[in-house]
Amino acid sequence: MKKRMILICVLMAAAVLLGGCGSDAGEEKVKDLEFTVVEEKSVPGELAKLIEEKKLNEFRLTYTDDESLYLVTGFGEQETGGYSISVNECYLTETSIVFDTTLIGPSKDETVQQKASYPYIVVKTEKREEPVIFK
């Protein structure tokens with residue numbers, strides 16, 4: 001009887017753990033979202049203040065104005081300059097917006113500024129109400 005209870009507990013735990021590892025239901029791409037990368041000088045003032053407050057650490061945030069949705073990913077303090085950020089995907093699912101970026105470090109033979117940098121990217125897309133999943 002004791003072995004049976006242990007077996008049931010193990011099976012229940014496995015079911016719970018495996019349930020979380022299934023496919024990304026609801027995250028299948030419905031369509032790519034058009035976006036533009038916003039230059040630093042064109043970032044809305046309130047959003048620029050938020051970025052300045054958060055730039056020391058990794059951060060992700062959204063910001064909306066009357067017309068647009070801004071998606072922002074920051075990678076925190078880096079020891080040198082020379083970093084860039086790639087937008088891998090920005091798409092709509094049935095229930096959310098997915099925004100996937102990658103930090104790209106300087107190449108070994110690249111001459112970089114030897115002072116801290118705070119790489120981040122701001123993209124602007126159509127105003128939407130869905131929650132954003134940052135990857």
Side-chain angles (χ1 to χ4, degrees):
M1 182 73 162
K2 192 173 184 179
K3 287 182 181 179
R4 178 178 259 172
M5 287 299 278
I6 292 172
L7 179 61
I8 289 172
C9 288
V10 168
L11 290 174
M12 288 176 61
V16 169
L17 291 173
L18 291 175
C21 298
S23 67
D24 292 335
E27 285 194 41
E28 289 186 27
K29 185 188 301 187
V30 173
K31 73 172 188 170
D32 286 317
L33 290 178
E34 291 185 24
F35 65 89
T36 56
V37 176
V38 180
E39 293 182 37
E40 187 175 349
K41 65 184 179 190
S42 300
V43 173
E46 189 176 331
L47 178 55
K49 286 179 189 174
L50 287 170
I51 292 168
E52 186 64 28
E53 291 171 6
K54 296 181 176 293
K55 74 179 186 179
L56 290 174
N57 300 302
E58 287 189 30
F59 68 93
R60 290 159 180 77
L61 60 92
T62 61
Y63 177 84
T64 55
D65 61 17
D66 293 334
E67 303 169 354
S68 304
L69 169 64
Y70 296 83
L71 308 173
V72 186
T73 299
F75 290 89
E77 184 175 17
Q78 304 299 316
E79 292 182 11
T80 67
Y83 287 85
S84 61
I85 300 168
S86 168
V87 176
N88 303 321
E89 294 187 294
C90 185
Y91 63 88
L92 184 65
T93 71
E94 290 182 21
T95 59
S96 61
I97 296 168
V98 176
F99 185 56
D100 181 19
T101 58
T102 301
L103 179 65
I104 302 167
S107 63
K108 295 200 184 290
D109 59 340
E110 184 177 351
T111 302
V112 295
Q113 199 173 33
Q114 294 300 312
K115 74 176 206 179
S117 65
Y118 307 90
Y120 66 88
I121 190 167
V122 178
V123 301
K124 178 179 173 180
T125 189
E126 65 186 271
K127 187 173 182 180
R128 303 196 60 95
E129 299 299 321
E130 292 87 357
V132 177
I133 297 172
F134 291 91
K135 291 188 174 185

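Side chains are part of it too, since the values below use all heavy atoms of this structure and drop only hydrogens, waters and symmetry mates.
With sequence neighbours excluded, no residue satisfies side chain to side chain donor-acceptor pair (under 3.5 Å) with Glu129. Listed by chain and residue number, Ser107 satisfy the side chain to side chain donor-acceptor pair (under 3.5 Å) test with Asp109 (two or more places apart in sequence, or in another chain). For Tyr83, there are no side chain to side chain donor-acceptor pair (under 3.5 Å) partners, not counting sequence neighbours. For Thr73, the side chain to side chain contact (heavy atoms under 4.5 Å, CB included) criterion is met by Arg60, Phe75, Phe99, Thr101, Ile121, Phe134, not counting sequence neighbours. A search for side chain to side chain donor-acceptor pair (under 3.5 Å) contacts involving Thr111 returns nothing, not counting sequence neighbours.
Ser117 and Thr80 get closest at one heavy-atom pair: OG-O, 2.5 Å. Here the closest non-hydrogen pair linking Glu130 and Ser96 is CB-CA, 3.7 Å. Taking both residues in full, the closest heavy atoms of Arg128 and Leu33 are given as CD-CD2, 4.2 Å, listed atom of the first, atom of the second, then distance. Ile85 and Pro119 make their closest contact through CD1-C, 3.8 Å (heavy atoms, listed as atom of the first residue, atom of the second, distance). Between Ser68 and Lys124, the shortest heavy-atom distance links the atoms OG-CE, 3.0 Å. The minimum heavy-atom distance between Ser86 and Ile104, with the atom names listed, is CB-CD1, 3.6 Å.
Summarising the geometry, atom OG1 belonging to Thr125 is positioned 7.0 Å from atom CD1 belonging to Ile97; distances are rounded to the nearest 0.5 Å. Interatomic distance, OH of Tyr70 versus CD1 of Ile51, reported as 10.5 Å (0.5 Å rounding). Atom OH in Tyr91 sits 14.5 Å away from atom NZ in Lys31 (nearest 0.5 Å). The distance from atom CD of Gln114 to atom CD of Glu79, rounded to the nearest 0.5 Å, is 9.0 Å.
Note: the hydrophobic cluster containing Leu71 also contains Leu92 (ILVMFWY, side chain heavy atoms under 4.5 Å, direct or indirect links). Hydrophobic clustering (side-chain heavy atoms under 4.5 Å, transitive across Ile, Leu, Val, Met, Phe, Trp, Tyr) keeps Phe35 apart from Val122. By the rule that hydrophobic residues join a cluster once side-chain heavy atoms approach within less than 4.5 Å of another member, Leu61 and Leu69 end up as members of separate clusters. Connection of Val132 to Leu47 is not established within any shared hydrophobic cluster, with ILVMFWY side chains joined at heavy-atom distances below 4.5 Å, either directly or through further cluster members.
Screening residues 34-54 for side chain to side chain donor-acceptor pair (under 3.5 Å), with sequence neighbours left out, gives Glu52-Lys55.
In this structure the side chain of Val43 never reaches within 4.5 angstrom of the side chain of Val72, judged on heavy atoms.
Using a 4.0 Å cut-off between a side-chain N of Lys or Arg and a carboxylate O of Asp or Glu, Glu89 and Lys29 qualify as a salt bridge.
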